[in-house]
Amino acid sequence: MTVTARAALGLLGLLVLAVLAGPLLSPWSPTATDLTAVRAGPSAAHLLGTDHLGRDELTRLLVAGRTSLGIVLLTVAIALPLGLALGLLAGWRGGWVDSLVLRTSDVVVAVPALLVGVVLAGVLGGGAGGLVLALAAGSWASYARLVRMEVLLRRRAPVVQALTLLGARPGRVLGVHLLPAVAGPVLVLAGTDVAGLVLGVSTLSFLGLGVRPPTPEWGAMIVEARPHLATDPRLFLLPMLALALLVLLVLVLARQAQAWTTHGRPAVRAPGHRARPAPAGRPTEALLSVRGLTVELAGPHERRRVVDGVDLDVGRGEVVALVGGSGSGKSLTAAAVLGLLPEAAGAVAGGSVRLAGQELVGATERDLRRVRGARVALVPQDVGTALDPLRRIGPQVAEAARLHRGLDRRAATAVARELLVWAGLPDVDRVLRARPAELSGGMRQRVLVAAALAGGPQLLVADEPTSALDAATAGQVLALLARARDEHGTAVLLISHDLGLVGRHADTVTVLDAGQVVESGPVAQVLDAPAHPVTGALRDAAVEPAAAPAPPPGGAPLLLARDVGVRYPAGRWSRSALPPALTGVSFTLPRGGGLGVVGESGSGKTTLARVLTGLQCPTAGTVELAGSTRAAGTGHAQLVFQDPASALDLRQPVGAALREALLLARRRGRPVPLGGPPALLTRVGLDPELAGRRPWQLSGGQQQRVVIARALAAAPDLIVLDEPVSSLDAVVRAGVLELLRSVRAEGVALVVISHDLAAVAALTDELLVLHHGAVVDRGATPAVLARRRPGPPGRPTPDPARPGRDVAAPPLVEEIHP
Amino acid sequence: MSASRPLVTLAAGALVLALSACGLSDDGAAADTPGEQVLRIALADPEASLSVQDYTTSSFTVLDQVFEPLVRYTADGSFAPALAESFEVSPDGLTMTFALREGVTFTDGTPFDAEVARTDLLRWVEDPDNSFLGLTGVTESIEATDEATITWRLSQPYHSALNELALTRPVRFTSPEAAGEPVGTGPYRVESLDEQQIVLVRNDDWWGGTPSLDRVEFAVIPDAAARVAALQAGEVDVIGGEYTAPLALEEAAALEQADGIEVLTTESTTNLLLTVNADTGNPALADPAVRRVMDLAVDRPGIAEGLFEGRATAATTVFPANVPYGPDPEAATAADPAAAEELLEQAGWTGDGVRSKDGVPLELDLVLDPGLLPQATSLSQAVADQLGDVGFEVTITPLDSTAYGTTVSARDFDLRFYNTYGAPYDPYSTLTANFRSVQEGHLFASPELDAQIPAALAAPDEESRQAAFDATWTTLEEQTAAVPLVQLPRQWAIRDTVEGFELGATEYDLPLSDVTVSG
Amino acid sequence: MRGSWVAAAGRAAGRRAGEGVAVLLVVSLLTFGLLSVAAGDAATAIVLARDGVVSAEAVARVRAELGLDLPAPVRYLHALEGLFRGELGASARTGQDVAGEVAARLGPTVTLATTGAVVAVVGGLTAGAVAALTRRRVVRLPIQLGSLALLSVPAFALAQLGVLLFALQWRLLPTQGIAGWPSLVLPAAVIGLPLAAVLAQVTEARLRSTLREPFATTARARGLSPARVLLATALPNAAAPLLVVIGDVVGTALAATLVAETAFGWPGLGDYLVRALQFRDWYPLQAAVLIIAVGTVSVRGLAGSLAALVDARAGVRT
């Protein structure tokens with residue numbers, strides 16, 4: 001809690017206490033007039049003097065606070081649950097219920113509060129009761145709108161899907177899981193609402209329709225003091241200040257609550273930068289020379305050192321790989337090289353980063369701006385979000401050229417065009433005018449490389465440039481970087497967790513672990529004879545796991561898909577129906593079998609996962625699981641998601657999540673595994689001690705194991721895995737794959753949907769290739785993989801003649817989507 | 001940059017729209033030509049039209065500039081000639097003869113003569129809507145005996161007839177050619193009228209000479225505090241007047257200390273009363289002892305001094321002494337809670353806290369319209385507290401004007417405040433309308449008053465008239481028909497650039513013909 | 001593609017308009033219901049203003065004249081029928097045609113609300129952007145404290161203080177009225193500044209979270225200054241949620257004219273509404289409420305559509 005928040009809370013507490021204890025503190029009655037002592041100044045008897053009727057001002061202020069707070073809290077007590085219930089209903093049910101709630105809230109906004117006030121005063125005789133009802137009638141709408149929005153955003157979240165598959169009814173999903181999730185924003189809104197209501201009560205008093213005199217109320221006190229403003233501003237200002245103080249404190253607390261609910265802990269201010277002078281006498285022929293780099297982040301209690309004395313050199317025209325597992329500090333090292341450490345985390349760097357002799361640690365923002373894009377450029381990690389979704393590609397690529405090479409718009413666009421052609425993008429003129437959403441992932445990554453080169457940098461920092469791409473596209477991108485080096489002499493600092501992949505493209509490699517360099521040297525040397533166990537683990541993880549176990553002797557097929565098709569209705573803004581998401585998909589899967597599904601993004605893989613688990617009904621064909629066409633909620637089929645954190649309720653301890661899954665399975669009459677949560681955790685290779693932890697206290701790998709454990713709790717016949725390992729680093733990935741192999745060995749059938757061909761190879765024995773929703777290739781996994789990859793597995797061969805088209809991977813047709 | 005541009009364009013567009021707009025004009029500030037004599041007066045309520053022929057206009061002082069009566073009420077209670085150069089009432093009180101001023105024309109050029117006058121008088125005399133005016137009931141005939149003489153015959157003596165003829169609406173004269181437009185004979189004519197202001201310009205052909213002001217602008221400022229600010233800022237020259245732009249007493253007190261502002265205070269002819277609904281209110285109010293107790297419990301000097309800044313005078317009678325045939329009030333004394341409690345005990349109202357008798361608690365509902373009487377909210381709290389001290393419980397219910405009117409006429413309340421009409425209506429109109437049982441929505445009625453009031457109005461001579469009125473005053477006091485509180489003063493505030501400004505004889509009139517503005 | 005996209009947008013707008021009409025009908029019905037249960041009616045108000053006292057007979061006569069003696073549902077249907085013919089009826093208070101009266105008052109209100117909204121939007125976006133851009137306390141603290149203070153003081157008190165300081169103390173602005181541009185400043189500020197404070201807070205939060213997006217980092221890595229990143233990248237990307245808030249803010253500005261017009265003697269619709277209410281004058285009340293409701297609902301709807309449009313451009317499925 002920050003000082004501000006603590007002070008605000010303390011003051012608010014004092015204020016509320018004073019207001020509650022007011023009548024006890026003061027010997028005066030709030031309504032006792034004394035016309036012989038009107039508007040007397042402060043005295044020992046009347047600490048704040050008396051008002052225009054000779055009443056004790058302090059007493060009236062305190063009692064007025066009680067009036068305001070009482071009315072406001074009662075109002076919230078009515079409006080909040082009502083709004084919550086309606087919002088949940090609207091967000092969950094959607095359709096006409098949603099429309100009704102939304103339009104009703106429109107009506108509430110449009111009916112003048114003044115009219116309600118007049119009716120209240122005239123018909124109900126004014127007073128607090130009617131006031132509370134009137135305010136609540138207007139106040140529920142904002143809660144309903146907020147909760148509706150939050151529920152709408154979460155309704156299709158993986159965690160909801162997972163719970164549905166476990167057999168949870170909507171009541172449980174909403175009440176136990178969604179309601180706590182929206183508590184944060186609702187709390188923030190309640191703060192704002194309380195502030196608004198205090199003002200609202202006083203405004204009704206201003207119009208003469210609020211609390212009835214002589215009950216003191218701040219707004220009424222302000223109004224009654226208006227004629228005396230010139231002669232005795234005290235009577236006007238005191239209630240106004242009291243009112244403003246209460247509102248201010250509530251607003252400050254609401255803001256703090258907002259900060260907590262949106263980005264966890266508030267940021268700590270960073271201390272000044274410390275630059276360590278480069279050791280003298282050392283030859284600095286290297287383009288980039290990093291010496292003793294340390295990076296510290298502001299933690300909840302103390303500062304954590306996450307990069308600790310890293311030394312690193314990149315020569316001109318050299319490709320250097322910086323490799324390490326998650327949390328090893330490699331991305332922060334890259335950020336430090338660009339002078340882009342995350343401000344919000346309060347990151348601060350020490351040591352020295354010299355680019356062609358220029359010190360970057362501690363350089364001014366202005367100096368850094370001249371370096372960024374011009375001399376060192378970034379090829380960012382996530383192609384999905386690294387381009388501005390609203391701007392056209394052309395200006396984004398041309399930006400660095402305009403900024404650093406002094407080119408005008410036309411010349412810069414020419415440069416951009418040239419670079420895009422160079423990067424192997426088809427139909428460049430169209431790409432220049434396109435927005436990022438219209439491009440495929442591979443195209444976007446090439447665009448990003450082109451944009452990075454536009455400023456003519458000497459060094460490219462490529463931060464995990466391939467982790468979101470399938471192997472084929474990843475190969476193309478790495479080849480592109482290599483070409484940049486070859487043709488432009490650009491040095492590359494290649495950041496990755498995949499030693500096997502980047503090792504093939506780098507000259508030297510530096511291995512980081514826990515913020516420190518554990519090993520460094522030429523690629524061949526490090527790969528062949530790792531000197532440090534971490535390096536060994538990273539290398540081994542990159543090696544393909546053994547082939548999938550042979551399918552157990554068949555019997556009746558477990559899963560039977562017949563001619564499955566899915567077609568989505570047209571979108572809100574487009575008249576033409578979308579092309580079908582799936583057409584004519586048929587296959588069978590025996591108990592304990594393993595089926596792989598591959599295809600580029602948008603090929604219908606995720607839709608297939610939803611259809612197979614019963615989350616979605618096919619619009620054509622049938623899916624039969626264990627002899628039934630109804631799968632969802634039976635526990636027979638479970639789904640494991642790419643991002644385990646999104647599939648878990650972050651507020652629920654791991655043990656409780658597993659217990660819930662077991663409970664739901666038991667209710668469904670599933671043969672649940674014995675031993676409860678501890679046994680499940682042990683089963684997936686986790687310490688049973690972790691049962692008390694919450695998901696956000698676990699690593700990504702541990703989270704994915706928890707998700708698998710929860711799926712196992714339902715004793716499923718089938719687990720559908722949607723990119724189960726693509727968000728994990730290499731070492732962790734290997735462990736999870738091993739776990740899944742053992743799950744399958746126990747007789748659970750797996751459907752593995754992934755662009756990670758190695759993972760598919762490790763877990764399945766049959767493979768479907770999807771393209772535009774249709775099966776374009778199928779067969780035994782090794783055979784299909786062999787057909788689709790000319791080189792050895794995982795080793796794309798660059799084709800120097802046709803950059804970007806180097807992998808024979810039809811049907812990877814890249815086109816601009818309409 | 002491209003995508004941020006629409007936002008900028010949007011904002012700029014809105015600004016242009018706002019600035020180019022619709023509705024804003026510079027007329028008000030720019031129209032004054034140098035050397036012109038312009039007086040700016042604040043007006044509380046906008047008028048949709050100016051008319052004395054119906055009751056839609058309530059800005060009496062504006063009407064007074066445009067429309068004139070036959071006779072005017074003067075400060076000493078006598079009548080001065082206006083459109084009637086002279087007038088005569090026959091000894092039997094049954095014939096009134098008015099000699100009309102000659103050469104008078106309406107501002108549209110139509111001559112004002114006896115035939116025009118007669119037609120206009122019959123317009124309101126024969127309209128049942130105006131039955132509250134006694135003349136509508138006692139008029140036998142109105143004749144134009146020659147071009148400049150009106151002879152008015154009555155069926156019985158009606159000695160407050162001249163008071164009624166001095167009123168503003170519906171009795172003053174409108175041009176027969178006016179066709180709904182505000183055309184009168186007064187010193188000013190209407191140049192423009194809208195929701196923001198009413199502009200009057202000098203009537204150069206006025207029979208009374210050339211008015212000194214070229215223009216009179218009535219600026220509509222509904223909020224009382226805003227009017228005070230406007231006067232201080234010099235945006236208006238005059239504020240005040242119960243029927244123009246009421247000035248609360250505490251505001252007047254504050255303005256007295258402001259630079260360049262003069263506060264004019266004159267004794268009024270009205271008393272502020274706390275009235276009781278003895279007929280259909282809490283049955284306790286039918287008990288004269290309870291009403292007497294309220295009279296004892298109310299601290300008049302305290303209210304006059306503490307609440308009204310010493311600007312009001314404590315009142316002990318329903319009417320102030322300065323109305324015609326008025327009572328002779330004794331000096332007000334402070335509240336006597338001990339006597340009040342003793343009286344209540346004797347009358348059988350007992351108990352701690354809220355007293356009760358036969359299961360009827362002394363719980364009273366006080367309704368008020370803060371818009372009608374600016375100090376009502378403060379006053380009600382003081383009164384409620386003082387009554388609370390002797391064992392009443394008073395609930396205060398503020399209502400908006402229509403709800404208040406409805407509640408009052410449905411007699412669905414126990415207590416309310418009432419300010420008497422004042423000159424030229426009183427004491428006749430207040431007595432007739434509010435203290436007779438035949439009148440709906442009366443304040444208080446008793447068989448004694450029902451007999452005494454008509455007798456006083458129809459008394460044939462001065463002596464018997466005074467005696468009849470005195471008997472009425474005694475009854476009002478003995479029965480505690482209402483609890484008199486204070487006599488509020490008439491308050492106006494003017495900027496010191498205004499010279500020759502004097503208050504009219506009544507709050508309904510505002511003589512402006514000799515006012516000049518310097519600087 | 002573009003043509004069908006426009007047509008689809010048209011259809012969506014059509015549906016919104018349909019829903020809007022339904023909302024307005026309900027608002028009208030609710031208003032009528034509330035007005036008819038309020039104490040007193042226009043006839044009472046007329047008799048009251050005329051005679052000072054209310055006699056049942058006089059009220060009954062006026063009621064018959066005005067047609068107020070009919071049962072409430074019948075009167076409402078009459079009014080509704082008139083509305084569909086495009087007739088707004090006549091005011092019981094003034095006897096004038098409501099359409100003319102409303103037309104005269106629409107200009108001032110639109111001027112005031114628009115200026116207030118411009119103050120809110122320009123001020124809120126600027127302050128929010130500045131606060132999001134800098135880490136310096138000297139800049140952020142005044143913005144934060146200022147916006148909190150503006151949010152903590154009731155509008156009517158703000159109006160009073162504004163008059164005290166700017167009109168009476170420093171003689172910079174007129175205290176009230178509608179004469180010339182200076183008279184617009186205080187009422188527009190009273191409407192706009194608290195809303196600007198709301199918008200500034202939302203803008204700052206939204207921009208900060210957008211500036212944390214990878215594409216903002218990419219842009220900075222190209223050497224763009226923080227200010228340009230903010231203008232060229234963060235602001236447009238935060239536009240969709242901000243547009244929704246701006247819609248609310250502009251809608252609220254329209255409703256906020258009620259207090260400001262009362263406090264500053266501004267002869268607009270808010271003032272008209274208050275008077276109609278006082279007089280239980282149904283036709284003027286209905287016209288004022290419906291116009292304010294149309295304004296609020298359509299501004300919100302427009303902002304929502306624009307936000308959806310921005311999202312659609314970004315390829316986000318809504």
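Just so you know, these numbers use all the heavy atoms, side chains as well, and skip hydrogens, waters and symmetry mates. Just so it is clear, the model here is predicted, and its values are computed rather than measured. Protein chains get the first letters and strands the later ones, always in sequence-line order, with residue 1 at the start of each.
- Closest heavy-atom contact between B:Ile303 and A:Leu35: N-CD1, 3.6 Å.
- With rounding to the nearest 0.5 Å, the separation of CG in A:Asp34 from CG in B:Asp299 is 9.5 Å.
- Of the listed residues (B:Ser378, B:Ala384, B:Ala382, B:Ala225), the one with the most heavy-atom contacts under 4.5 Å to chain A is B:Ser378.
- Contacts from residues 52-65 of chain A to chain B, taken as heavy-atom pairs separated by less than 4.5 Å, involve A:His52, A:Leu53, A:Arg55, A:Arg60 in sequence order.
- Scored by the side chain to side chain contact (heavy atoms under 4.5 Å, CB included) test, A:Glu217 finds A:Thr67, A:Ser68, A:Val201, A:Ser202, A:Ser205, A:Val211, A:Ala220 as partners (sequence neighbours excluded).
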Please set out all donor-acceptor pairs under 3.5 angstrom arising from side-chain atoms of residues 259-266 of chain B, sequence neighbours excluded.
from, atom 1, to, atom 2, distance (Å)
B:Thr265, OG1, B:Gln491, OE1, 3.2

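- Of the two parts of B:Thr407, neither the backbone nor the side chain holds a non-hydrogen atom closer than 4.5 Å to a non-hydrogen atom of chain A.
- Contacts with chain B were tallied for A:Ala37, A:Pro213, A:Pro395; A:Pro213 has the most, counting heavy-atom pairs under 4.5 Å.
- Contact residues of residues 240-255 of chain B toward chain A are B:Glu250, B:Glu251, B:Ala254 (heavy-atom distance under 4.5 Å).
- Contacts of B:Asp223 with chain A are made by side-chain atoms alone, with heavy-atom separations under 4.5 Å and no backbone atom involved.
- Interatomic distance, A:Thr31 OG1 to B:Gln381 CD, rounded to the nearest 0.5 Å: 9.0 Å.
- Only the side chain of B:Glu309 comes within contact range of chain A, with heavy atoms under 4.5 Å apart.
- Shortest non-hydrogen contact noted between A:Pro214 and B:Ile396 is CD-CD1, 3.8 Å.
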